[in-house]
Amino acid sequence: MIKFFRRIRYNLMEAGKTGKYLKYAIGEIVLVVIGILIALSINNWNENRKYSIEEKAILSSLLENLNLSKTQSELLISDEIALKQSLIRILGIASNNAKLTSQIIPDSIFKSAVWDLYSDLPTFNAYNNLKSTNKLSLIKNQKINEKFTELEFRLNKLRNALDDRLSVHQIRVDNILEKDINFIPLLKSNVPNINIENESKNNYYQLLGVKRIRNLLGMKLSFTQDAIDFRENLDEEIKGLMILIENELSERE
């Protein structure tokens, strides 16, 4: 093809048709420029298509992980609520509670209220992996990016609340199990084949009349309510993100 165009230019110059030669040369340049622009346009289209496919795969991965995170979040909220109810029960401060007696607090309930503590967080592996590899920049939807920023904020607030509760629990609340009761009977719920007949029974009614112990368990109840609130806030962020990503993916179908 190049030889063909050269032959035409050579023939025009040989024939002394300079004007036609110049017009032809300009036309040839224009064709070359147009060819380059078309090639760049096709290349850009291919690149954009590649990024669009990768972005869709990223959003699908995030949605799948968020669905798992939502399940984890709901289970953890349920555990926290059960802990809260146990604390309220042994403290005898439910709004409809009758006068507290030692007989209405089984060892298993007291152990659950004083011993249990939930420090786990929902996992966001897909988001963390994408963030570490800078792949999140491929997400063009600004609302989704802003929502992930808000999710990180909520997650940090929850983590701080759980750390505060754990610190107080380790320093103060665990002392109740170590110093104020006979812990062996409480093992029965976890280790059912042990014999606790010769163990001294715990008088929870008397124990829960001690101001120090009531205050410590009241503090644990307060921290647990904070944990529930922060967990529910995080759960709302997860659900909001899922809706945004689902909508974005549906628009691409």
Side-chain angles (χ1 to χ4, degrees), residues 32-84 116-171 223-253:
V32 171
V33 171
I34 291 173
I36 293 173
L37 292 175
I38 291 173
L40 288 173
S41 177
I42 292 173
N43 184 63
N44 288 337
W45 181 84
N46 286 332
E47 286 295 312
N48 289 336
R49 184 171 177 274
K50 183 181 73 173
Y51 288 142
S52 180
I53 293 172
E54 190 172 4
E55 181 187 9
K56 186 176 180 180
I58 286 171
L59 291 172
S60 297
S61 175
L62 287 169
L63 182 60
E64 182 180 356
N65 187 211
L66 284 171
N67 192 50
L68 174 62
S69 301
K70 181 172 74 70
T71 300
Q72 294 171 340
S73 175
E74 290 169 350
L75 287 173
L76 288 166
I77 290 171
S78 178
D79 288 340
E80 294 282 9
I81 291 174
L83 174 57
K84 171 186 171 182
D116 288 353
L117 200 65
Y118 304 101
S119 300
D120 291 336
L121 295 166
T123 57
F124 300 95
N125 294 334
Y127 172 72
N128 291 330
N129 290 338
L130 290 166
K131 184 179 179 182
S132 65
T133 56
N134 202 31
K135 288 293 183 69
L136 290 173
S137 59
L138 292 173
I139 299 176
K140 297 176 183 177
N141 189 317
Q142 189 61 29
K143 288 184 178 180
I144 292 177
N145 288 316
E146 291 173 356
K147 203 70 172 173
F148 268 114
T149 300
E150 184 65 21
L151 182 140
E152 278 202 79
F153 174 76
R154 298 293 184 184
L155 184 62
N156 287 332
K157 294 282 282 186
L158 171 59
R159 184 181 288 110
N160 291 337
L162 297 180
D163 287 345
D164 288 343
R165 181 175 61 173
L166 178 61
S167 177
V168 171
H169 203 282
Q170 290 176 329
I171 296 172
F223 279 119
T224 299
Q225 183 60 61
D226 288 343
I228 292 171
D229 293 340
F230 286 123
R231 287 191 187 280
E232 289 178 341
N233 289 339
L234 178 62
D235 194 61
E236 288 301 313
E237 292 298 328
I238 293 172
K239 292 174 181 175
L241 252 173
M242 290 180 67
I243 291 172
L244 281 176
I245 294 175
E246 285 169 352
N247 291 339
E248 181 69 19
L249 288 172
S250 65
E251 291 176 2
R252 294 167 178 265
E253 294 178 354

Quiz prompt | E248 and K140, any side-chain heavy atoms less than 4.5 Å apart | solution = no
Exercise. State, yes or no, whether a side-chain contact exists between I144 and L62 at a heavy-atom distance under 4.5 Å.
Key: no
Self-check item: P122 versus S69, closest heavy-atom pair with distance
Solution: CB-O, 3.8 Å
Quiz item: Between R154 and E236, does a side-chain contact (heavy atoms from CB on, under 4.5 Å) hold up when you go through it step by step?
Solution: CA-CA 10 Å; R154 298 293 184 184; E236 288 301 313; over 6 Å; no
Exercise. To the nearest 0.5 Å, tell me how far N145 CG sits from S137 OG.
Key: 9.0 Å
Self-check item: Flag, side chain of S132 to backbone of N129, donor-acceptor distance under 3.5 Å
Solution: yes
Quiz item: How many angstroms lie between atom CZ of R159 and atom CD of E152, to the nearest 0.5 angstrom?
Solution: 9.0 Å
Practice problem: Look only at the side chain of N67 and the backbone of L63, and say whether a donor-acceptor pair between them is shorter than 3.5 Å. | Solution: no
Quiz item: Picking from I77, D79, D226, I81, what satisfies side-chain contact (heavy atoms from CB on, under 4.5 Å) with R231?
Solution: I77
Quiz item: Which distance, rounded to the nearest 0.5 Å, do you find between the NZ of K56 and the CG of L138?
Solution: 15.5 Å
Quiz item: Just wondering, more than 12 heavy atoms not from E64 lying within 6.0 Å of its CD?
Solution: no
Self-check item: From CG (L75) to NZ (K70), nearest 0.5 Å
Solution: 10.0 Å
Quiz item: Is there a side-chain contact between L68 and Q72, using heavy atoms and a 4.5 Å cut-off?
Solution: yes
Quiz item: Considering all heavy atoms of both residues, which atom of N65 and which atom of N125 are nearest to each other, and what is their separation?
Solution: OD1-N, 3.0 Å
Quiz item: Do the side chains of T149 and E146 get nearer than 4.5 Å, heavy atoms only?
Solution: no
Quiz prompt | Residue pair R165 / L162, side-chain heavy-atom distance below 4.5 Å | solution = yes
Quiz item: Does any non-hydrogen side-chain atom of F148 lie less than 4.5 Å from one of L66?
Solution: yes
Exercise. Using modelled atom types only, decide if a donor and an acceptor are shared between the side chain of D235 and the backbone of S73 within a distance under 3.5 Å.
Key: no
Quiz item: Atom CG of L117 and atom CG of L83: how far apart are they, to the nearest 0.5 Å?
Solution: 7.5 Å
Quiz item: With a 4.5 Å limit on heavy-atom distance, are the side chains of K239 and E74 in contact?
Solution: yes
Practice problem: Output the distance between atom CG (N233) and atom CD (E150), rounded to the nearest 0.5 Å. | Solution: 9.0 Å
Quiz item: Has the side chain of N160 got a donor or acceptor atom that lies under 3.5 Å from a matching backbone atom of N156?
Solution: yes
Quiz item: So do the side chains of Q225 and I228 get within less than 4.5 Å of each other, counting heavy atoms only?
Solution: yes
Practice problem: Starting from the C-alpha separation in whole Å, work towards a yes-or-no answer on side-chain contact (heavy atoms from CB on, under 4.5 Å) for Y127 and L136. | Solution: CA-CA 8 Å; Y127 172 72; L136 290 173; 3.4 Å; yes
Quiz item: Quick one: does S61's side chain have a donor or acceptor within less than 3.5 Å of a partner on I58's backbone?
Solution: no
